[in-house]
Number of protein chains: 2
Amino acid sequence: MANASNYQIDAEILGLEAKAAYNFALSNQRTAMDKIEEVLVSLRRVIRATDLHSKKLVKTASVTGPQLLLMQILQNKGDMTISELARDMSLSQATVTTVLDRLEKRELITRVRSQQDKRKVYPQLTHKGSKILESAPTALQDDFVRRFKNLNDWEQGMIIASLQRVAEMMNAETLDASPFLDVGALDRGEIERS
Amino acid sequence: MANASNYQIDAEILGLEAKAAYNFALSNQRTAMDKIEEVLVSLRRVIRATDLHSKKLVKTASVTGPQLLLMQILQNKGDMTISELARDMSLSQATVTTVLDRLEKRELITRVRSQQDKRKVYPQLTHKGSKILESAPTALQDDFVRRFKNLNDWEQGMIIASLQRVAEMMNAETLDASPFLDVGALDRGEIERS
DNA sequence: CATTAAAACTTAGACCACTAAATAAATATT
DNA sequence: AATATTTATTTAGTGGTCTAAGTTTTAATG
C-alpha cells in the first residue's frame, strides 16, 4: 500500500500512453463486460499457471507449497512464533502446527522454545532446510524471470504497475469485506469464474 | 495464445507510453532484480488475494474451489466426459471422480451414462447446482469488478495486456518444461518466492 | 468368433492441508 | 491466590490429490 518502492505509473506519468490505449480500445469496440471477462480469464490463467508451477515444485523440491512458504517466511523474517506465522500465512495456528510437524519430522526445521516465555515456540530452519530453500524455488522461476528480463523496460514497468493495481484492488476488496482481521477462519480453494 | 480477442498492445501501439515509462524507470534507478522482485511480490499478493477469495467463497457458497470450477466448466462447455474435465482442470481422472462423488451426494450434479458409448459418463448440473452457480461466484467478484469498471479505459487496457503477457510467459514456461501434456501427474500447492 | 488391447471410469490406499473444538501450559491480571 | 488470557498442541472430521489396481465396455485383430 504505502510501499516506498511502489510503481506509481498513473495518468500523469503515462498520459501519452493513455491516448494510445484508449484509441485501441475504441477501435476494437470492446464493451465493459468484455473487458472484465478478459481480466478474469487472464487472471485465472495466471493463477492456473502458478498453480501448475507449484505442483511441479512439489515433485522437484519435495516440499509442498505451504511448507515452502513457511520456510521462506522463516528465512526472510527470522524468529517468529507459531501465531505470527499463522497470521502471515493466513492460516490457523493448528494448521501451522501440523505443517511444522511434517517439516520437523523431515528435519527441515527444529522447534526452539523461548526461555523468556516458555509458551512461545520459535521454529528454526535447519541446515538441511536452508539448502532446500536455496535450490527449490529459483529453479522454477528461472524461465519466467528470463522471459521477463527480455521485455522492454516500458513493458516491464507496465506489468509491474498493472499487477500492483490488481493486487491493490483485490486487497481492498477482502478488506472491506472483512473489517476485522480474521485469522484462521477460512478454507482452502482454487480460482473461480470463467 | 492465438486468441482472437487478445489485446495486442505492443511497442508499436504504445510507443509513446514506452518513453514515459522508460523515463520513469530511469528516474528511479530501478535494477533488473528490483523489478523482478516487485513482479513476484505483487504476483504473490494477487494469488494470495484470490486464494482468500476462494476461501471465503467456500463459506458463502458452500462449495469448494475445485467443485465450483468443475460446475462452471460444466455450465460453460456443456457435455463433457470425466477425462475431458480432468484435462481441462489439470487433474487426474480419479480426482475428478471423487470431486464428482461429493457433488453428486449433495445433488448438485448427476451422472448420465452415454448410450452410444457406455463407458462414457456425462456429468450434468442439476437445477440445484445451477442455482448455486448463479449466486455464488458473482457475489465475490462484484467488488473487484466494480473497482475495475471505475478505472480509466487506458488503465483497463494496460491491465488486460499485462495480465495476458504474464499468463503467456508463464504458460510458455510450463509448456517447454513439459512438452507432452501430462495429465494428472501433479500435486496441490501455493505460491512461492517472496 | 474369440481373444486381446484400449478406453473410461471407479476403488483403494495413502498423504497433505485445513478447520473447529478441546486440552495443556505459561503468563497476566486483579 | 484465583481467574483470565495467551500460546501451542492434539484430536476428529472434511476435502483434495495422487498412484496403482480394478471394472466394464468398446474396438481391433488374428
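Just so we're clear, the structure is a prediction, and the values are computed from it rather than from any experiment. Lettering of chains follows the sequences in order, A, B, ..., and the numbering in each one begins at 1.
The CG atom of A:Leu70 sits 11.0 Å away from the OG1 atom of A:Thr95 when rounded to the nearest 0.5 Å. Here the CG-CG distance, from B:Leu74 to B:Leu108, works out to 11.0 Å after rounding to the nearest 0.5 Å.
At most 12 non-hydrogen atoms from other residues, nucleotides or ligands lie less than 6.0 angstrom from CD of A:Glu107.
Listed in residue order, the members of residues 112-125 of chain A having a heavy atom less than 4.0 Å from DNA chain D are A:Arg119, A:Lys120, A:Val121.
At D:dT17, none of the side-chain N or O atoms of B:Thr98 fall inside 4.0 Å of OP1 or OP2 (strictly under the cut-off). Taking only side-chain nitrogens and oxygens, B:Thr97 comes nearer than 4.0 Å to OP1 or OP2 of C:dT10. Residue A:Ser92 places no side-chain N or O under 4.0 Å from the OP1 or OP2 atom of C:dC18. The phosphate of D:dC18 has OP1 or OP2 within less than 4.0 Å of a side-chain N or O from B:Thr95.
One interatomic measurement links the two molecules: CD of A:Glu84 to P of D:dT7, which rounds to 9 Å at whole-angstrom precision. Taking atom CG of B:Leu91 as the reference point, atom P of C:dC9 lies 15 Å away to the nearest angstrom. Atom CG in A:Leu108 sits roughly 15 Å away from atom C1' in C:dC16 (whole-Å rounding). Rounded to whole Å, the distance from CZ on B:Arg102 to P on D:dG15 is 6 Å. Atom P of nucleotide D:dG15 and atom CG of B:Leu70 are separated by 15 Å, given to the nearest angstrom.
Taking the side chain of B:Ala94 as heavy atoms from C-beta on, and the options D:dT19, D:dT10, D:dA8, the nearest nucleotide is D:dT19. With C:dC18, C:dA8, D:dT9 as the choices, the nucleotide that has an atom nearest any side-chain atom of A:Gln93 turns out to be D:dT9.
With hydrogens and angles disregarded, no donor-acceptor distance shorter than 3.5 Å links the side chain of A:Thr81 to the backbone of A:Lys120. Looking at A:Gln164, its side chain never comes within 3.5 Å of a backbone N or O of B:Ser42 through a donor-acceptor pair.
Of the N and O atoms on the side chains of A:Ser162 and B:Arg165, not one donor lies less than 3.5 Å from an acceptor on the other residue.
For the pair A:Arg111/A:Asp101, a side-chain contact is recorded, criterion being any heavy-atom separation below 4.5 Å from C-beta on.
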